Amino acid sequence: MAQHAAHPTGTPQTAPTGRREGWATGGVMFAGVLMLCGGLLAVLQGIAAIAEDDVYARVGTYVYELDLTGWGWIHLVVGVLVAVTGWGLLMGAAWARIAGITLAALSLILQFLFLPYQPVWSVVMMAIDVFVIWALASYREPAR
């Protein structure tokens with residue numbers, strides 16, 4: 001329902017409904033949930049890679065090669081940081097937006113480099129990282 005404000009000429013004017021702010025706020029909350037869940041999944045992904053389980057099989061050759069155990073540790077550390085930042089976003093921490101953008105960009109790059117091990121999962125996570133970056137970058141603090 002729109003609120004009406006009196007214009008100096010006496011004609012009623014419709015006040016902004018805040019739809020843009022609602023989308024951005026909802027996007028930040030959704031980005032926080034995605035980061036929390038994605039971070040926890042990255043931790044599990046890292047543990048599986050460190051254990052050198054048969055979960056990951058290399059698909060062809062790749063220019064950016066790294067030992068699977070190395071990838072496991074990278075995913076474990078970045079996953080913990082992403083999950084903590086996602087929790088910070090859900091709690092409304094001011095530092096979490098910038099950290100979220102930075103970690104989502106780092107995650108996007110790492111998922112690109114991890115393509116030969118899990119191609120479909122990496123592409124899905126790259127798309128989620130792009131959404132997280134957009135949601136956190138487009139949010140504006142409400143005027144006080």
Side-chain angles (χ1 to χ4, degrees), residues 1-7 12-144:
M1 178 178 229
Q3 297 175 353
H4 296 285
H7 190 268
Q13 298 291 320
T14 304
T17 60
R19 282 189 172 190
R20 174 109 167 94
E21 292 83 9
W23 271 98
T25 302
V28 169
M29 293 303 287
F30 188 53
V33 170
L34 288 175
M35 288 188 76
L36 182 61
C37 293
L40 294 175
L41 289 173
V43 167
L44 296 175
Q45 188 178 14
I47 291 170
I50 291 169
E52 295 189 51
D53 201 2
D54 293 333
V55 174
Y56 300 112
R58 179 178 284 269
V59 179
T61 59
Y62 198 55
V63 175
Y64 308 106
E65 290 189 33
L66 186 65
D67 181 37
L68 193 55
T69 304
W71 275 120
W73 283 107
I74 290 170
H75 280 289
L76 184 68
V77 170
V78 171
V80 167
L81 293 173
V82 168
V84 167
T85 303
W87 182 257
L89 283 170
L90 293 175
M91 295 296 112
W95 58 267
R97 272 189 54 236
I98 298 300
I101 292 170
T102 304
L103 286 171
L106 178 62
S107 174
L108 190 139
I109 293 166
L110 292 176
Q111 291 299 332
F112 173 77
L113 296 174
F114 200 68
L115 275 169
Y117 297 102
Q118 288 287 333
V120 175
W121 180 252
S122 292
V123 170
V124 168
M125 289 306 295
M126 288 166 60
I128 289 172
D129 289 334
V130 167
F131 170 78
V132 167
I133 292 168
W134 170 81
L136 297 179
S138 66
Y139 177 73
R140 299 289 179 254
E141 289 289 329
R144 297 187 190 258

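What's counted below: heavy atoms across the whole structure, side chains too, no hydrogens, waters or symmetry copies. As the structure is a computational prediction, the values presented were derived from the model and not from experiment.
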Inset, instruction - Find out whether V123 and L115 are in side-chain contact, i.e. whether some heavy atom of one side chain is under 4.5 Å from a heavy atom of the other. - result: yes
Inset, instruction - Measure the spacing between CG of L81 and CG of L76 and express it to the nearest 0.5 Å. - result: 9.5 Å
Inset, instruction - Mind checking side chain to side chain donor-acceptor pair (under 3.5 Å) for T85 and listing every partner two or more places apart, or none if nothing turns up? - result: none
Below 3.5 Å, can you tabulate the donor-acceptor pairs from side chains in residues 86-94 to any protein atom, sequence neighbours excluded?
none

Legend entry - Interatomic distance, L108 atom CG to I128 atom CD1 [nearest 0.5 angstrom]: 11.5 Å
Inset, instruction - Compare every heavy atom of L113 with every heavy atom of W71, then report the nearest pair and how far apart it is. - result: CH2-CB, 3.3 Å
Legend entry - Test log, rule side chain to side chain contact (heavy atoms under 4.5 Å, CB included), inputs W134 and V130: CA-CA 6 Å; W134 170 81; V130 167; 5.6 Å; no
Legend entry - Sole residue of Y117, W121, F114 in ring pair (Phe, Tyr, Trp, His ring centres under 6.0 Å) with H75: F114
Inset, instruction - Could you pull out the closest heavy-atom pair between L136 and A31, with the gap in Å? - result: CD2-CB, 4.2 Å
Legend entry - Heavy-atom pair with the smallest gap, counting every atom of A135 and G27: CB-O, 3.5 Å
Legend entry - Which residues share a side chain to side chain donor-acceptor pair (under 3.5 Å) with T102, sequence neighbours left out: none
Inset, instruction - Identify the two heavy atoms, one from G79 and one from A42, that lie closest to each other, and give their separation to 0.1 Å. - result: CA-CB, 3.7 Å
Legend entry - Residue pair L34 / F30, side-chain heavy-atom distance below 4.5 Å: yes
Legend entry - Under the side-chain contact (heavy atoms from CB on, under 4.5 Å) test, residues paired with L106 that sit two or more places apart: V78, L103, L110
Legend entry - Nearest-0.5 Å distance that lies between atom CD in Q118 and atom CD in Q45: 6.5 Å
Legend entry - side-chain hydrogen bond (donor to acceptor under 3.5 Å, both in side chains) partners of residues 105-114, not counting sequence neighbours, each pair once: S107-D129, Q111-S122
